[in-house]
Number of protein chains: 2
Amino acid sequence: MALDSYDRAILKALQRDGRITKAGLAERVNLTPSPVWERLKRLEASGVIAGYAARLSLKKLAPVTTVMVEVVLKQHRAADFERFESRIRATPEVIDCQATGGGIDYVMKVVVRDIDAYQRLMDDLLESGLQIERYYSYVVTKSVKDNAELPLDALLGGDTA
Amino acid sequence: MALDSYDRAILKALQRDGRITKAGLAERVNLTPSPVWERLKRLEASGVIAGYAARLSLKKLAPVTTVMVEVVLKQHRAADFERFESRIRATPEVIDCQATGGGIDYVMKVVVRDIDAYQRLMDDLLESGLQIERYYSYVVTKSVKDNAELPLDALLGGDTA
DNA sequence: GCTGAAAGCACCATGGG
DNA sequence: CCCATGGTGCTTTCAGC
């Protein structure tokens, strides 16, 4: 599974506009709809395109508070990680959670209505036997970039032609 | 601009599948395509639906390293923030950047090919007169949750009927 | 604001270069 | 691996309620 420049152009276009029509894509990448359709089928089947999603902006509707959270667990056995991650996956307010090395075990992005809701959520997590040793909260004051598109050119390099 | 339960059902469905057809949406929310189309037009025009994007998974194709980075600036004048944020917006490898209070100025998610590329990127930023006092790097070892859907129910509450 | 129908268009499959 | 064409179903509009 390798990407040529057509595939890369298709992925770029789909990151910007996930609902572009196949005909529109074809025009954008200088192909006819048929090969675009073939390539799309391949990209979706292989999992390179994992899916499509609407990008929502809720701050116009309701109060939204984002908090970046760093978590350190008390113990680092496989079962401790698994318990924590399982709970995080079941917590919809945590919309992003990356396990890391280097002093911090997890960096998470939490989206709640307000700070009260955040405190309740963290209290729940602390009382759930997750063995959280400590956590650091950084309330977001401004979103400079929010889940922007992946840097395909930098990641895939100038090759792959 | 308020959301009723139909709008919320539409948004939920579109977060899971951004390419669902209007007919499919209509069936999913128990309406006919016409009102769904009206509501979609309203949601898109109001900016609640900011756009649509393909969700990509590149790790099958090429090496991808994610690093969570915390940045502290030397000085905290408006011009210092603006200079930094402007540079970050122009740096495609930084796919997420939230300004925060509380000891750390920014929490970023950086996606690069490997650690070498990360070091080059950070060296560039350090040499760019951005007044970075210090930064902490946390290399991601496992993605527990990656930009999951927004918790509409928690954010909008049980009301809004 | 929803329903239903009708014209226009996108999707996807097939056949051919 | 790309292009061209056609049947099917979706999209969008517009009356009517």
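Bear in mind that the values here come from a model prediction, so they are computed numbers and not experimental data. In the text below, chain A, chain B and the rest are named by the order of the sequence lines, each starting its count at 1.
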J.: Ignoring hydrogens, what is the shortest heavy-atom contact between A/R28 and A/A13? Give both atom names and the distance.
T.: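 Taking every non-hydrogen atom into account, CG-CB, 4.2 Å.
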
J.: Applying salt bridge (Lys or Arg N to Asp or Glu O under 4.0 Å) between B/E82 and each of B/R87, B/R77, B/R89, report the one that passes.
T.: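 Among B/R87, B/R77, B/R89, the one meeting salt bridge (Lys or Arg N to Asp or Glu O under 4.0 Å) with B/E82 is B/R89.
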
J.: Between B/R39 and B/D7, is the salt bridge (Lys or Arg N to Asp or Glu O under 4.0 Å) condition met? List the steps.
T.: CA-CA 7 Å; B/R39 286 163 180 275; B/D7 291 320; 3.1 Å; yes

J.: Can you give the first and last nucleotides of DNA chain C, 5' to 3', that have an atom under 4.0 Å from a heavy atom of chain A?
T.: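 Range of nucleotides touched by chain A: C/dA10 to C/dA13.
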
J.: Can you tell which of B/R55, B/K59, B/K109 makes a salt bridge (Lys or Arg N to Asp or Glu O under 4.0 Å) with B/D146?
T.: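 Running salt bridge (Lys or Arg N to Asp or Glu O under 4.0 Å) over B/R55, B/K59, B/K109 with B/D146 returns exactly one hit, B/K109.
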
J.: Ignoring hydrogens and angles, state whether a donor on the side chain of B/T65 or B/R113 is under 3.5 Å from an acceptor on the partner side chain.
T.: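 No donor-acceptor contact under 3.5 Å links the two side chains.
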
J.: In residues 40-51 of chain B, what residues come within less than 4.0 Å of DNA chain C, judged by heavy atoms?
T.: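 Of all residues in residues 40-51 of chain B, none places a heavy atom under 4.0 Å from DNA chain C.
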
J.: For A/D4 and D/dC2, what is the distance between atoms CG and C1' respectively, to the nearest whole Å?
T.: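 Spelled out: CG on A/D4 to C1' on D/dC2 is 12 Å.
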
J.: Have a look at A/H76 and tell me which of A/F84, A/Y106, A/F81 forms a ring pair (Phe, Tyr, Trp, His ring centres under 6.0 Å) with it.
T.: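 Among A/F84, A/Y106, A/F81, the one that satisfies the ring pair (Phe, Tyr, Trp, His ring centres under 6.0 Å) with A/H76 is A/F81.
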
J.: Just by distance, no angles: are the side chains of A/R134 and A/Y136 close enough, under 3.5 Å, to form a donor-acceptor pair?
T.: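 Indeed, the side chains of A/R134 and A/Y136 share at least one donor-acceptor pair under 3.5 Å.
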
J.: Which parts of residues 11-38 of chain B get close to DNA chain C, meaning a heavy atom less than 4.0 angstrom away?
T.: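 Within this stretch, B/R19, B/T32, B/S34, B/P35 sit under 4.0 Å of the strand.
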
J.: For B/K12, is the NZ atom crowded, meaning more than 12 foreign heavy atoms sit under 6.0 Å from it?
T.: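 Result for NZ/B/K12: open.
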
J.: Return yes if a side-chain donor-acceptor contact under 3.5 Å exists between A/R120 and A/Y118, otherwise no.
T.: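 The answer is no; no qualifying pair exists.
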
J.: Going by atom types alone, do A/E44 and A/Y52 pair a side-chain donor with an acceptor below 3.5 Å?
T.: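 Note: A/E44 and A/Y52 side chains meet the donor-acceptor criterion.
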
